[in-house]
Trainee: 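I have a structure I would like to understand better, so I am pasting it below and will then ask my questions one at a time.
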Amino acid sequence: MTPTVVRDLVTEQTYSIPPVQAVHAVGTLVDYTLNGLAVGRIRKTLRGTVDGDSAIPQGAAVRIPLRSDLRGVYPDNTQVAFSGTIERVSSLDALTWNLGTMARRVDVTDAAGTVPQPPNGLGVSIEQDAQDKSDFPKNQAYYHLKGGTAWTTRVQTCAALAMWSRTARISYLSHADAGTSPVTVSEHVAEYLAQAVKGGADLSVPGELTAVILLAHATLGEDNGSLQVLSLSLNHLPTAQAAIVYRNARCHIIGPRDYVAVQAGGPPRVLLLPDVRAGYLLTRYTATPTPAMRDLLVQAVPTPAPGTWLVDRNAVFEAAQAAKAQDHETLLPVFARLLGYEDAAEARRKLWSL
């Protein structure tokens, strides 16, 4: 049977084909022009998902085998763009990081540390790479891909990418704006990966490369322009390099006042300002009221607590109940300072009698 129409997989529009051009079997993926000419190859813009050793185009009940070197590059159900022929996919790019899944989430907060003041002790300041940026002072840059330390902050509508090689002991840090060039990002990522390999890293070994994408919760959606810049940057890398970053990438939800820090001696971490850290530790303690978390919380709240601190009172109440269950009396002065009570006795009376 020969087809009599071409159906556009994106618009769902159909176009009649003259009989002389109806030479392909039903289900064949074709390039076409509106004069009816059709040729039997996959369009470069075709999208679909990975399933085993095949790609499945959107809206088409066909499976197209992946070229041997593309098999296993991306996990099943990864959304991809691909091209090639109806017999074989020869080009494959991921379209999404799937950061919304819990399997991709990670918390890299350094609970034991805080942001030094001034933050210059964290190394070079990495500025947001945007088209409207001009020259910056001496200790600032757009990209960091070497040993040493670097940091960035104010990740709100943008996206930061941080990486670390365990063997090569070098780090990467960039801060992408929606106007950042994906080509520029990919060039720096490619250079960083090459340096890691030159430093002895086997990037195929699990745990060798740590890659963390840092986003504000409100910009987690895949339509976030800055995140799209990172996704598009993968498309400019060789497939093997793109797949290494994709497989290792995890997502940390970051606050607008948090600091991202990289170093040669360990993976990327997020450092918090003192009041933000106190709130973070209250939540962590409530979930896991261990002696270690108790001691961190005691250390995190000075005497007296600054009046400018913005701490969620409900978080204090919840932590107080966890402390009561564990009989962690050393936290009562902490709760008193955070809530403005006179002393631990008032905290006991008002919190542990609830």
Side-chain angles (χ1 to χ4, degrees), residues 105-123 125 149-156 160 162 210 212 214-217 250-263 265-354:
R105 296 290 184 87
V106 67
D107 183 356
V108 297
T109 303
D110 183 353
T114 189
V115 178
Q117 293 300 324
N120 294 344
L122 295 175
S125 170
T149 56
W151 61 277
T152 193
T153 188
R154 300 190 304 275
V155 180
Q156 299 182 64
T210 301
V212 183
L214 301 109
L215 294 171
H217 192 275
R250 299 295 182 267
C251 177
H252 175 103
I253 303 300
I254 193 170
R257 301 169 62 209
D258 299 350
Y259 285 62
V260 186
V262 297
Q263 57 189 330
R269 57 195 178 124
V270 168
L271 292 169
L272 308 178
L273 294 171
D275 60 328
V276 178
R277 178 174 176 243
Y280 173 80
L281 290 174
L282 284 168
T283 302
R284 284 283 304 274
Y285 176 80
T286 300
T288 312
T290 63
M293 290 303 301
R294 174 201 61 198
D295 295 344
L296 283 175
L297 188 51
V298 169
Q299 174 269 331
V301 182
T303 304
T308 56
W309 277 22
L310 300 175
V311 177
D312 183 355
R313 295 178 69 88
N314 287 332
V316 180
F317 295 147
E318 292 172 359
Q321 298 312 302
K324 179 181 179 181
Q326 299 297 321
D327 198 25
H328 285 170
E329 293 193 11
T330 55
L331 285 175
L332 287 171
V334 173
F335 301 144
R337 295 196 291 272
L338 290 173
L339 295 173
Y341 296 160
E342 183 176 348
D343 53 25
E346 183 181 359
R348 179 191 295 273
R349 185 171 65 254
K350 291 185 174 180
L351 297 175
W352 282 11
S353 63
L354 296 178

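The figures that follow rest on heavy atoms only: side chains count, while hydrogens, waters and symmetry mates do not. These numbers were taken from a predicted model, which means no experiment stands behind them.
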Trainee: For Val262 and Pro268, which heavy atoms make the closest approach, and how far apart are they?
Mentor: CG1-CB, 4.2 Å

Trainee: Return yes if some donor-acceptor pair links the side-chain N/O of Gln321 with the main-chain N/O of Leu351 below 3.5 Å, else return no.
Mentor: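 Checking the backbone N and O of Leu351 against the side chain of Gln321, a donor-acceptor pair under 3.5 Å is found.
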
Trainee: Quick check: does any side chain N or O of Trp352 sit under 3.5 Å from a backbone N or O of Ala320, one acting as donor and the other as acceptor?
Mentor: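 Answer holds: yes.
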
Trainee: Out of Val334, Val301, Leu297, which one pairs with Leu281 under the side-chain contact (heavy atoms from CB on, under 4.5 Å) rule?
Mentor: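 The option that passes is Leu297.
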
Trainee: So with a 6.0 Å cut-off around CD of Gln117, is the heavy-atom count from everything else above 12?
Mentor: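 Atom CD in Gln117 is crowded, with more than 12 foreign heavy atoms closer than 6.0 Å.
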
Trainee: Within this structure, what is the CG-CG distance for the pair Leu282 and Asp312, rounded to the nearest 0.5 Å?
Mentor: 8.5 Å

Trainee: Taking the side chain from Thr149 and the backbone from Gln263, do they hold a donor-acceptor pair closer than 3.5 Å?
Mentor: no

Trainee: Measuring only between side-chain heavy atoms, which start at C-beta, is Pro116 closer than 4.5 Å to Tyr259?
Mentor: no

Trainee: Please name all residues satisfying salt bridge (Lys or Arg N to Asp or Glu O under 4.0 Å) with Arg250, sequence neighbours left out, ordered by chain then number.
Mentor: none

Trainee: Would you mind listing every side-chain hydrogen bond (donor to acceptor under 3.5 Å, both in side chains) that reaches into residues 274-288, with sequence neighbours excluded?
Mentor: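 As it turns out, the side-chain hydrogen bond (donor to acceptor under 3.5 Å, both in side chains) pairs with a partner in residues 274-288, which skip direct neighbours, are Asp107-Tyr280, Arg257-Asp275, Arg277-Gln299, Tyr280-Arg284, Tyr285-His328.
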
Trainee: Are Val155 and Leu215 packed together at the side-chain level, in the sense that at least one heavy-atom pair is separated by less than 4.5 angstrom?
Mentor: no

Trainee: Got a sec, which pairs hit salt bridge (Lys or Arg N to Asp or Glu O under 4.0 Å) with one end in residues 290-308, sequence neighbours left out?
Mentor: none

Trainee: Determine the minimum heavy-atom distance between Leu214 and Ala162, stating which atoms define it.
Mentor: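 Closest approach of Leu214 to Ala162: CD1-CB, 4.2 Å.
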
Trainee: Working to the nearest 0.5 Å, report the span between OG1 of Thr308 and CG of Leu310.
Mentor: 7.5 Å

Trainee: Identify the two heavy atoms, one from Ala344 and one from Leu332, that lie closest to each other, and give their separation to 0.1 Å.
Mentor: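 Answer, listing the atom of Ala344 first, then Leu332: CB-CB, 3.9 Å.
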
